[in-house]
Protein chains: 2
Amino acid sequence: MATRTRRPERREEPLSREGIVEVAIELLDATGEGGLTFRALGERLATGPGAIYWHVANKGELLGAATDAVVAAALAVEPAGSPTSPQDEIRAVALGLFHAIDAHPWLAAQLSTQLSRSPWGSVAPRIFESIGRRVRSLGVPEDSWFTATSVLVHYILGAAGQNAANTAHARTLGPGANRAEFLDAVSSAWEELDPDDYPFTRAVASRLREHDDREQFLAGIDLALTGITAPHPPGEQAPTPPTT
Amino acid sequence: MATRTRRPERREEPLSREGIVEVAIELLDATGEGGLTFRALGERLATGPGAIYWHVANKGELLGAATDAVVAAALAVEPAGSPTSPQDEIRAVALGLFHAIDAHPWLAAQLSTQLSRSPWGSVAPRIFESIGRRVRSLGVPEDSWFTATSVLVHYILGAAGQNAANTAHARTLGPGANRAEFLDAVSSAWEELDPDDYPFTRAVASRLREHDDREQFLAGIDLALTGITAPHPPGEQAPTPPTT
DNA sequence: ACCTGAACACCGTTCAAGT
DNA sequence: ACCTGAACACCGTTCAAGT
């Protein structure tokens with residue numbers, strides 16, 4: 001859906017909103033959030049900055065459309081053949097978003113913007129629905145649907161954003177530098193914190209060094225799932241049977 | 001700590017980094033992220049844009065310093081007199097951040113930037129330490145310290161950001177409009193989604209209308225705490241006794 | 001209907017010149 | 001040491017003019 005045709009170097013076809021969004025994503029991937037410019041975009045599309053405004057209202061809308069396209073693609077790859085548990089499906093959806101954010105680091109900031117700035121847009125319901133549907137299948141009481149889905153979604157986006165930043169930073173450390181070297185640097189910085197003020201952070205610093213981001217991410221998902229499916233959350237009633 | 005002296009209209013004292021950061025926070029609160037400008041800041045400080053660069057390297061550093069100051073203040077208010085449980089302390093710290101983000105809506109985006117873009121800075125360790133220390137007191141196995149703290153921190157920042165956006169949006173809806181009216185609008189938008197594609201989102205839409213943000217936020221914290229303190233997370237060993 | 005590109009009103013940042 | 005303010009190299013956005 002995102003990889004239809006190579007961008008037209010000389011442009012035989014007229015501009016289209018779809019094509020503009022596609023090139024915008026390429027530009028964002030290649031140059032980061034600051035690299036998306038109406039002038040740079042115009043250059044890649046062999047036109048001026050003004051032409052784009054015929055198809056897109058402003059930069060915010062363009063970023064929103066790019067975000068929606070990437071998220072829709074990431075959430076579309078779920079049809080696993082064999083029947084799976086809701087837990088496994090939630091892990092799969094979470095990993096889909098994890099990889100999308102890793103492949104498009106600009107997505108992390110964009111997603112928080114979309115979720116908070118325009119919850120009525122298409123991005124928020126898409127993610128919410130994808131996770132929430134499985135939460136419902138988990139058999140948690142209806143009272144907890146919203147809370148449980150919120151915890152999962154916020155964790156997924158936050159942790160995936162963290163991971164993507166690690167990947168991105170590792171790249172800037174040098175050509176041969178990898179993620180392990182970057183985590184090593186952060187770990188060292190944390191180990192040099194004041195022992196009186198930061199005992200905990202110092203204690204987990206070493207763990208940062210050896211941790212597998214994907215593994216770590218899934219551990220967080222499982223921890224949230226444990227809370228969601230626990231007999232009854234503190235101060236709440238016992239769960240009702242599944243409603244599927 | 002943030003409200004020392006009113007800004008010097010004619011400036012008797014020389015510029016100071018501390019004073020600049022203080023006025024930057026005022027400007028951010030009053031005009032939002034887009035309103036913080038070296039020119040606007042210079043005007044409030046009765047100077048030109050160039051003068052600020054003597055005390056602050058660039059805009060990023062200024063935003064980082066503003067974020068750190070607000071977060072430090074929010075986390076400093078924890079000395080509850082009576083002895084409390086780690087759970088209560090985590091709730092208190094979470095609420096402190098919740099209110100700080102509500103009072104300074106620009107903080108939400110800034111915090112994700114700080115956490116992912118500069119984990120070696122002061123903001124990330126501050127938050128991590130404040131939550132992590134209590135997680136440790138909960139008696140969870142050391143293996144889970146990092147995961148548990150991550151889940152809590154990501155949820156807190158994500159959900160608090162969401163809440164702050166609701167507050168901010170409600171304000172723009174009109175002078176008399178309140179948060180309930182805004183949530184009502186989002187709720188209505190969700191109820192008009194396609195029933196085949198968005199059954200879950202439609203189902204929880206009504207719940208959005210009646211929900212108390214603070215209550216909702218704390219319910220998420222409790223859900224995470226349930227997962228963290230559950231007998232043993234799936235695929236992990238049994239917890240070890242507390243290490244405090 | 002769609003595109004062009006100059007022009008406008010901004011930015012962050014630099015830097016010679018001042019005190 | 002610290003400040004001033006003009007200047008530079010950008011932005012997003014608009015809009016008369018073209019096809």
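Lettering of chains follows the sequences in order, A, B, ..., and the numbering in each one begins at 1. In what follows, every heavy atom counts, from backbone to side chain, and hydrogens, waters and symmetry copies are set aside.
- What separates CZ of B/Arg39 from P of D/dA6 is a distance of 11 Å, to the nearest Å.
- The closest donor-acceptor contact from the side chain of A/His55 to the backbone of A/Leu15 lies under 3.5 Å.
- Residue pairs meeting the salt bridge (Lys or Arg N to Asp or Glu O under 4.0 Å) criterion with at least one partner in residues 164-183 of chain A, sequence neighbours excluded, are A/Arg179-A/Asp213.
- Of the candidates D/dC3, D/dG12, C/dG12, the closest approach to any side-chain atom of B/Pro14 belongs to D/dC3.
- With sequence neighbours excluded, the residues forming a ring pair (Phe, Tyr, Trp, His ring centres under 6.0 Å) with B/Phe200 are A/Phe128, A/Trp145, listed by chain and number.
- Evaluation of the salt bridge (Lys or Arg N to Asp or Glu O under 4.0 Å) test over residues 32-41 of chain A, restricted to residues two or more places apart or in two chains, returns none.
- For the 3.5 Å distance criterion, the side chains of A/Glu191 and A/Ser206 fail to qualify, holding no donor opposite an acceptor.
- Going from atom CG of B/Leu45 over to atom C1' of D/dG5 covers 16 Å, rounded to whole Å.
- Remark: DNA chain D forms stems of 3 or more consecutive Watson-Crick or G-U wobble pairs, all pair distances under 3.5 Å, at C:4-8 with D:12-16, C:12-16 with D:4-8.
- Here B/Leu36 lies in heavy-atom contact (under 4.0 Å) with sugar-phosphate atoms only.
- Contacts with DNA chain C (heavy atom under 4.0 Å) in residues 52-67 of chain A: A/Trp54, A/His55, listed by number.
- As rounded to whole Å, 14 Å separates atom P of D/dC3 from atom CZ of B/Arg17.
- When each of C/dC11, D/dC3, D/dG5 is scored by its nearest atom to the side-chain atoms of B/Pro49, the top-ranked nucleotide is D/dG5.
- In this structure, B/Phe38 places its CZ atom 17 Å from P of D/dG5, rounding to the nearest Å.
- Closest to the A/Ala51 side chain, of the nucleotides C/dG12, C/dC3, D/dT13, is C/dC3.
- Under 3.5 Å, the side chains of A/Glu129 and B/Thr201 contain a donor-acceptor pair of N or O atoms.
- A search for ring pair (Phe, Tyr, Trp, His ring centres under 6.0 Å) contacts involving B/His104 returns B/Trp106, not counting sequence neighbours.
- The aromatic ring centroids of B/Phe217 and B/Phe98 lie less than 6.0 Å from each other.
- Comparing C/dG12, D/dC3, C/dA7 by their nearest atom to the side chain of B/Leu15 picks out D/dC3.
- We find the CZ-CG distance between A/Arg202 and A/Asp197 to be 10.5 Å, quoted to the nearest 0.5 Å.
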